[in-house]
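See structure below.
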Amino acid sequence: MPLFVILMLFFDIDYSQASSILPSCTLRRRFHLNGMHKSGDVILGGLFEVHYTSVFPELTFTSEPSEHICQGFDPPGFRHAMTMAFAIEEINKNPTLLPNVTLGYSLYDNCATLVIGFSAALSLASGQEEQFLPQEKCSGGPPVLGIVGDSFSTFSIATSDVIGLFRLPIVSYFATCSCLSDRQRFPSFFRTIPSDTFQVHAMLQILKRFGWMWAGLLVSDDDYGLHVAQSFQSELTQSGLGCLAYTEILPWGENPSELRRIVEGMKKSTARVVIVFAHQINMIQLMEEVMKQNVTGLQWMASEAWASAAVLQTPRLMPYLGGTLGIAIRRGDILGLRDFLLSTQPGNSSNNQNTMIRQFWEHTFQCRFAPPPADWLEAGGALCSGEEDLESAQTEFLDVSNLRPEYNIYKAVYALAHALDEMLQCQAGRGPFSGHSCASLQKLEAWQLMYYLEKVNFTIPFGDHVSFDENGDALPIYDIMNWLWLPDGGVQVLNVGVVKKTASGDEELILNEEKIFWNFNNNQPPRSVCSETCNPGTRMARKKGQPVCCFDCVPCSEGKISNKTNSVECFSCPEDFWSSPRRDHCILKTTEFLSYHEPLGVCLTTASLLGTCICTAVLGIFTYHRSTPMVRANNSELSFLILVSLKLCFLCSLLFIGRPKLWTCQLRHVAFGVSFVLCVSCILVKTMVVLAVFKASKPGGGTYLKWFGAVQQRGTVFALTCVQAAICTVWIVTASPAPHKNTQYHNDKIVYECVVGSTVGFAVLLGYVGLLAIISFLLAFLGRNLPDNFNEAKLITFSMLIFCAVWVAFVPAYINSPGKYADAVEVFAILASSFGLLMALFGPKCYVILLRPERNTKKAIMSRGTAK
C-alpha cells in the first residue's frame with residue numbers, strides 16, 4: 001500500500017546479520033502523545049485541542065531531544081473529544097446503523113501546536129505498532145478509516161496536504177479557511193462547519209443591516225486569519241458596503257509592544273466597529289491590553305472562533321465586550337451527552353492508553369495519580385483515587401447548555417458512520433468500483449469510503465440535514481449571538497438571529513433587533529462611518545489618500561441634481577428643467593417672453609393702443625374736415641392712406657407681445673414690413689408730388705404733373721408695397737420665422753422668442769424700408785426751402801429724419817438685447833418711428849384745423865405765399 005513509503009521513514013531495518021533470522025522493522029521514533037483509545041472493528045481517529053499551548057524543548061543535539069510539554073488544560077476541548085467518544089458509543093448501540101460492526105476510536109491532543117497535531121495525524125495514518133516483519137503479508141484495513149479534526153485551519157491544511165495524498169477522509173468540525181474548499185489540493189477534506197466565505201458574507205450582511213460602513217479588522221497570524229483578511233477585504237470592496245479603517249494582525253505568544261501599538265491605533269481611529277477573526281488565546285491577550293488602555297465605546301463583532309468563548313464572558317471584560325455580536329456555530333442538543341460525561345472514569349491503569357482522562361481528572365480535582373511528581377506531597381498536594389465525585393465538581397466540562405463545536409463533531413462522526421454503512425450495504429455485482437465490485441470489511445480501503453462520504457445525505461435526531469457539496473463543505477448556517485451584560489454583572493449569551501443559505505442559493509439574514517443589547521447610551525446601535533451621509537443635492541468627493549468611504553459632500557452645481565443619498569455624481573436636468581434651490585430635484589424652468597401682464601408689456605401695449613387711437617382721431621378729424629384746403633392740399637388721398645398705414649404700424653407692434661406662436665412669428669414681421677413700406681411709400685410719393693408741383697409752377701414745367709396724377713400715385717404706392725410683400729413671401733416660404741425656446745441667455749429660464757429664420761430675409765426687409773425712407777428724406781430735404789404754400793416738404797424732412805434716426809439706433813440695440821428685450825426694442829422702434837411720423841406730418845395740420853381755423857382757407861394759404 002502507498003502508505004508504506006511514509007512508514008519506512010519511521011522504521012529502521014537492520015540487515016547487519018546476514019543469517020536465516022528474519023530482519024524486522026522497528027519504529028525510528030515513537031511519538032508520546034496524549035490520547036484516548038478504544039478498540040473496534042473499524043477505528044476512527046480524532047484530533048482535538050485539549051491543551052492551550054505547549055513548551056518547546058531546547059534543541060542542543062548533544063542528547064536525545066525531549067518531548068514537547070503540553071500546558072493549560074482546556075475542559076471544553078476535552079469535552080469535544082468525549083463528544084466523539086459518545087457519538088461512537090451511541091452508534092454502536094444503534095441496531096439500524098452499522099449492525100454487526102463495532103466502531104473504535106483513537107483520539108489525540110494537538111496541544112494547539114502544529115508539530116504535535118501533525119505528529120498525531122501521522123500516528124493515526126501509520127499506526128503505533130512497535131515492530132513488524134517486512135516479509136509478512138500486510139492485510140486488513142488501515143489503522144484508521146477516517147479522521148475527525150483538526151480544529152485549526154492551519155493544522156488541517158498541513159494534515160490534508162500529506163494525509164490527503166492517500167485519500168484518507170478528514171472531516172473537520174472547526175476549520176473554516178476558505179482555502180480548504182480547493183478540491184484539487186484537498187480532495188479528501190470535508191467539514192461540518194461552513195467556510196469562512198459564508199462567514200464573511202454573514203458579517204457583511206450585519207454591517208449592511210446597521211449601516212456600519214467604517215470598521216476595523218483584526219485577524220490572527222495564521223492561515224485562518226490571513227485568508228479571512230484577504231477574503232473580507234475583497235468582498236467588502238466588491239460589495240461597496242464600506243471600508244476598513246485599519247487591518248491588523250494579532251501576534252502569537254507574548255508580544256506586548258505589538259499589542260500596545262494595535263490598541264493605540266484602535267483608540268485613535270474613528271471606527272466604532274471592530275471585527276475580529278482570531279482565536280480565544282488571541283482575544284485573551286488583546287483584551288488585557290484593551291483594559292490597560294481603557295478603550296471603551298467599541299462594537300465588537302466576533303467570528304465563530306470566539307463568539308461563544310466562556311473564558312471571555314467575565315464581569316471584568318463586560319464594560320468592553322458587552323453587546324458583542326458574534327457569528328456562532330449552529331447550536332444543537334445532544335441527548336444523553338451529559339450522562340455520558342458524568343460516567344467518565346480514569347480507571348486504575350497507569351499506561352498511556354487514556355492519558356487525556358487522567359489529565360482531566362488531575363486538572364479538575366487538583367490532585368495527582370501515583371506516582372506523584374517530586375515534592376508534590378511535601379507541598380501539600382493530594383493523590384487522586386479515581387473515585388472522586390465528578391458531578392459535584394465545578395467544571396465547564398459538564399456544561400452542555402451551549403453545544404456548538406460538539407454539535408459539529410457529532411455530525412462529523414455520524415457522517416463517517418453513514419458513509420461506512422452505505423458502503424457495507426453494497427450488493428455484490430452492483431458496486432461502484434471496478435467490475436461493479438463492493439468494498440469488504442476485511443480489505444477496506446480509506447479511498448473507497450470517499451465515494452460514499454461525498455454522497456452522504458441524512459438527518460440527525462435534532463432535525464438538521466447533513467450533506468456535503470462538491471467542495472466538501474456542509475450546508476452553511478450560523479447563529480447570531482449577542483453578549484448581554486446583566487445588571488448584576490453577569491453575562492448571558494443570547495441567540496438573536498440566524499444567517500443561512502436558502503434553497504435558491506441566496507443568503508438570508510434573520511435578525512431580531514429588539515432582543516439585541518447595545519453597550520451604548522439609550523441601548524441604540526452605534527454609528528460607524530468615516531464621513532456622514534451626503535444628502536440629496538450633494539455628491540461625494542473622495543478625500544485624497546483615504547479610502548473611498550472618506551469623502552466630502554460637495555453641493556451640485558447649478559442645473560445638476562442628485563436625488564439619492566451618497567450619490568457619486570450629479571446629473572444634469574433635462575433641457576426644459578432646472579435644479580431646485582436644494583439641488584435635489586428638477587423643476588420646470590420659468591418661461592420668459594414679452595408678456596401683456598408685465599409692466600414693460602403693459603406700457604408698450606398702452607402706447608400701441610394710444611397711437612392707434614390718435615391715428616383714429618386724426619383720421620376722423622381729416623374725414624370731418626376733408627373739404628378744407630388744409631386737408632385737400634397735396635393729395636388728401638395719400639394723407640388718409642398714410643394714417644391707415646400708421647394705424648397698422650401701431651397695431652402690428654401688438655404681435656410682438658405675448659407668447660410666441662408660429663402664426664404670430666410669421667405675421668409680425670410681414671405686418672411690420674408691409675405696413676411701414678405702405679406708409680413710407682406714400683410719404684415718398686407725397687414728397688415727389690410736392691416737388692413736381694413746385695416744378696410745374698415754373699415756366700415749362702407742366703409736363704411734370706402728368707407723371708404724378710392720382711392713378712400714377714396709387715400705382716407707385718401699390719408697386720412699392722408689392723415689392724415688400726414679395727420679399728416677405730419669399731422669406732416665409734424659404735426660411736420661415738418660428739417660435740424657439742432659447743436657453744442660452746439664462747440657465748434657469750426658457751426665453752421664448754421668434755427666430756427670424758433667415759437673417760438675410762430680415763435684413764432685406766429692413767433694408768428695403770430703410771432705402772425708401774432715405775430716398776424720401778433726400779427728396780424732402782431738397783424741397784425744404786420751397787415757398788410756404790408748399791411747406792409740407794419741411795414736415796416730411798423732419799419726419800424722415802426722426803424715422804431714420806430711430807431705425808439707425810435700432811440695429812445695434814436690437815443685436816445687443818437678449819430675449820424679450822429684443823422684442824421690446826423692436827416694438828419701441830416701431831412705436832417711436834410711428835409716433836414721429838404721426839406727430840411730424842399731422843401735428844401741425846391738426847393744430848391749424850382745430851386751433852387756428854382762420855388759417856385753414858385758401859386765401860390764408862395763398863396769402864402766406866404772397867407775403868413770402
Side-chain angles (χ1 to χ4, degrees), residues 52-53 71-77 112 203 212 214-222 224-225 228-229 244-328 394 396 402 481-494 516-528:
Y52 284 130
T53 185
Q71 292 182 342
F73 192 86
D74 182 21
M203 287 284 194
W212 295 332
W214 188 236
L217 178 64
L218 305 179
V219 298
S220 57
D221 189 11
D222 57 8
Y224 166 68
V228 165
L244 291 177
Y246 54 85
T247 301
E248 296 289 354
I249 300 175
L250 299 176
W252 285 104
E254 296 294 331
N255 195 337
S257 61
E258 179 66 8
L259 289 173
R260 187 182 309 111
R261 183 193 64 81
I262 292 174
V263 175
E264 286 175 353
M266 295 167 56
K267 192 173 183 179
K268 294 176 182 178
S269 175
T270 57
R272 296 294 87 197
V273 175
V274 182
I275 305 167
V276 185
F277 287 90
H279 306 284
Q280 294 183 30
I281 185 63
N282 299 121
M283 281 302 299
I284 292 171
Q285 295 170 346
L286 176 66
M287 292 313 298
E288 290 297 330
E289 185 62 33
V290 168
M291 286 190 297
K292 285 182 182 179
Q293 299 192 29
N294 193 28
V295 182
T296 58
L298 296 179
Q299 174 62 49
W300 295 83
M301 294 185 66
S303 67
E304 93 297 334
W306 65 278
S308 303
V311 69
L312 295 169
Q313 297 164 9
T314 61
R316 74 188 190 102
L317 290 178
M318 279 306 99
Y320 310 94
L321 292 178
T324 295
L325 283 176
I327 304 293
Q394 299 293 326
E396 295 179 70
N402 194 29
M481 310 305 296
N482 178 233
W483 292 15
L484 172 62
W485 187 13
L486 300 174
D488 60 0
V491 184
Q492 182 180 358
V493 179
L494 300 178
I516 298 177
F517 166 74
W518 303 104
N519 195 18
F520 298 92
N521 294 333
N522 302 322
N523 195 29
Q524 294 296 318
R527 183 164 180 79
S528 186

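Everything numeric here is computed off the predicted structure, so don't read it as measured data.
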Inset, instruction - Report the distance from atom CG of Asn282 to atom CG of Asp222, rounding to the nearest 0.5 Å. - result: 7.0 Å
Inset, instruction - Evaluate the side-chain proximity of Ser308 to Asn402: yes if any heavy-atom separation is below 4.5 Å, no if none is. - result: yes
Inset, instruction - Could you tell me whether a side-chain N or O of Thr324 sits under 3.5 Å from a main-chain N or O of Met301, the two making a donor and an acceptor? - result: no
Legend entry - Minimum heavy-atom distance Gly322-Phe517, with the two atoms named: C-CE2, 4.0 Å
Legend entry - Inter-residue atom distance Leu259.CG - Ile262.CD1, 0.5 Å rounding: 5.5 Å
Inset, instruction - Please check if the side chain of Arg272 supplies one atom and the backbone of Gln299 the other of a donor-acceptor pair under 3.5 Å. - result: no
Inset, instruction - Considering non-hydrogen atoms only, spot the tightest contact between Ala271 and Gly216 and give its length. - result: CB-N, 4.1 Å
Inset, instruction - Drop me the distance from Ile275's CD1 to Leu244's CG, to the nearest 0.5 angstrom. - result: 6.5 Å
Legend entry - Value rounded to 0.5 Å, distance of CG in Leu321 from CE in Met283: 5.5 Å
Inset, instruction - Begin with the C-alpha distance, continue with both residues' side-chain angles, and end with the deciding distance and a verdict on side chain to side chain donor-acceptor pair (under 3.5 Å) for Gln293 and Glu289. - result: CA-CA 6 Å; Gln293 299 192 29; Glu289 185 62 33; 2.9 Å; yes
Legend entry - Distance-only donor-acceptor check, side chains Asn255 and Ser257, under 3.5 Å: yes
Legend entry - Nearest-0.5 Å distance, CD of residue Gln524 to CD1 of residue Ile516: 11.0 Å
Inset, instruction - Could you tell me whether the side chain of Pro315 reaches within less than 4.5 Å of the side chain of Trp485, counting heavy atoms only? - result: no
Legend entry - Test log, rule side chain to side chain contact (heavy atoms under 4.5 Å, CB included), inputs Leu494 and Met481: CA-CA 6 Å; Leu494 300 178; Met481 310 305 296; over 6 Å; no
Legend entry - Check: Glu248 and Val219 side chains under 4.5 Å, non-hydrogen atoms: no
Legend entry - Backbone of Gly323 reached by a side-chain donor or acceptor of Asn519 within 3.5 Å: no
Legend entry - Pair Glu288 + Arg316: basic N to acidic O under 4.0 Å: yes
Legend entry - Nearest-0.5 Å distance, CH2 of residue Trp212 to OG of residue Ser528: 8.5 Å
Inset, instruction - Check the pair Val311, Ile284 against side chain to side chain contact (heavy atoms under 4.5 Å, CB included), reporting the backbone distance first and the verdict last. - result: CA-CA 8 Å; Val311 69; Ile284 292 171; 3.9 Å; yes
Legend entry - Taking every non-hydrogen atom, the tightest pair across Val491 and Gln313: CG2-O, 3.7 Å
Legend entry - Side chain Trp483, main chain Gly326, donor-acceptor under 3.5 Å: no
Inset, instruction - Taking side-chain contact (heavy atoms from CB on, under 4.5 Å) as the test, write out the residues that go with Tyr52, two or more places apart. - result: Glu49, Asp74
Inset, instruction - Go through the steps for Leu298 and Val273 under the test side chain to side chain contact (heavy atoms under 4.5 Å, CB included), then give the verdict. - result: CA-CA 6 Å; Leu298 296 179; Val273 175; over 6 Å; no
Legend entry - Asn482 side chain reached by Val493 side chain, heavy atoms, under 4.5 Å: no
Inset, instruction - Look at Glu258 together with Arg261 and state whether they make a salt bridge at an N to O cut-off of under 4.0 Å. - result: yes
Inset, instruction - Could you list all the ring-ring contact (aromatic ring centres under 6.0 Å, His included) pairs where at least one residue sits in residues 266-290, not counting sequence neighbours? - result: Phe152-His279, Tyr224-His279, Trp252-His279
Legend entry - Check: Pro251 main-chain N/O paired with Asp221 side-chain donor or acceptor under 3.5 Å: no
Inset, instruction - For residues Trp300 and Val276, determine if any side-chain heavy atom of one lies less than 4.5 Å from a side-chain heavy atom of the other. - result: yes
Inset, instruction - Decide side chain to side chain contact (heavy atoms under 4.5 Å, CB included) for Leu217 and Tyr246; before the verdict, give the C-alpha distance in whole Å, the side-chain angles of both, and the deciding distance to 0.1 Å. - result: CA-CA 6 Å; Leu217 178 64; Tyr246 54 85; over 6 Å; no
Legend entry - Shortest non-hydrogen contact between Ser269 and Trp214, atoms and distance: OG-NE1, 4.5 Å
